[in-house]
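Here the structure comes first, spelled out in structure tokens, and everything after it is commentary.
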Amino acid sequence: MKINGRLLIFTGILIALAVICKCIFGPDLDWSGFSPVIAIALFSGMIIKERNASFLLPLLALFISDVAIHVLYKMHLFPYSGMYHGQWKNYLIILSCTLIGWGFKGRNYLTIILGAIAAPTAYFLISNFMVWQAVTEAIYPKNFGGLMMCYEAALPFYRNSVVATILFLPAILFLYNYLVRNKAVVRLG
């Protein structure tokens, strides 16, 4: 993928979108998880041919949005910190969504829909399993019932991430095709 002015504008828009959505929706528990970051990771895996480079865009979007939230937090303008212990796990899980994008490369709407459901589902299952099994999390019993309680408590976040990914992925594909490829279409190839 050649880097040009249009691609840089597209990247800037995606990063700004991640920052804005996390700042607006993050503090509200009813909307928490409504973010384009999983869609960005999935898109990167689907579109960027150089596999190593496909990890850069989601990492950049996540890192810059976390830094922005942290700055706002330090200024007492945001309710929680953007930087926290164990954050690297979240980054690894986001990268797994890029890997899912590798598997859903294709040129039809079915792969877009399947990817938009598979990536947030994997994120939900992995992240909440990690919350449940963490030594520092004494909220949930360390048995099957405790794991199910953890998953149940996270269902609103899961719903929001699935809806966000289903909405943002086609929008990101359209924006990419329009800005970078000069085509007004929602497709992968």
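For the numbers below, each heavy atom of this structure counts, side chains included, while hydrogens, waters and symmetry mates do not.
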* **Partner residues of Phe63 under the ring pair (Phe, Tyr, Trp, His ring centres under 6.0 Å) criterion, sequence neighbours left out** => none
* Structure fact -> Sorted by chain and residue number, the side-chain hydrogen bond (donor to acceptor under 3.5 Å, both in side chains) partners of Arg6 (sequence neighbours excluded) come out as Asn182
* To do: Can you run down the ring pair (Phe, Tyr, Trp, His ring centres under 6.0 Å) pairs that involve residues 81-101, sequence neighbours left out, and say none if there aren't any?
  => none
* How would you list, by chain and number, every residue that makes a side-chain contact (heavy atoms from CB on, under 4.5 Å) with Ala164, sequence neighbours excluded? -> Phe34, Phe168
* Could you name each residue pair satisfying side chain to side chain donor-acceptor pair (under 3.5 Å) that touches residues 70-79, not counting sequence neighbours? => His70-Ser81
* Asked: Do any pairs count as a salt bridge (charged side-chain N to carboxylate O under 4.0 Å, His left out) and have a residue in residues 154-175, sequence neighbours left out, and if so which ones?
  -> none
* Set of side-chain contact (heavy atoms from CB on, under 4.5 Å) partners for Ile9, sequence neighbours left out -> Ile13, Leu179
* **Sequence-distant partners of Phe157, ring pair (Phe, Tyr, Trp, His ring centres under 6.0 Å), two or more places apart** => none
* Structure fact -> Residues passing the side-chain hydrogen bond (donor to acceptor under 3.5 Å, both in side chains) test with Ser54, sequence neighbours excluded, are Trp102
* Asked: Has the side chain of Asn108 got a donor or acceptor atom that lies under 3.5 Å from a matching backbone atom of Thr111?
  -> yes
* Asked: How about Tyr176 and Tyr178: are their ring centroids closer than 6.0 Å?
  -> no
Throw together a table of side-chain donor-acceptor distances under 3.5 angstrom for residues 21-33, partners on residues two or more places apart or in other chains.
from  : atom 1 : to    : atom 2 : distance (Å)
Lys22 : NZ     : Ser65 : OG     : 3.1
Lys22 : NZ     : Asp66 : OD1    : 2.6
Asp28 : OD1    : Asp30 : N      : 3.1

* Side chain proximity check, Ile69 to Met83, heavy atoms < 4.5 angstrom -> no
* Asked: Does the side chain of Tyr123 reach to within under 4.5 Å of the side chain of Ile94, using non-hydrogen atoms?
  -> yes
* With Ala119 via side-chain contact (heavy atoms from CB on, under 4.5 Å) - residues at least two apart -> Ile38, Leu42, Cys97, Ile100
* To do: Sequence neighbours left out, what passes side-chain hydrogen bond (donor to acceptor under 3.5 Å, both in side chains) with Tyr151? Give chain and number order.
  => none
* Is any side-chain heavy atom of Tyr80 less than 4.5 Å from a side-chain heavy atom of Leu72? -> no
* Asked: Does the side chain of Ile166 reach to within under 4.5 Å of the side chain of Ile113, using non-hydrogen atoms?
  -> no
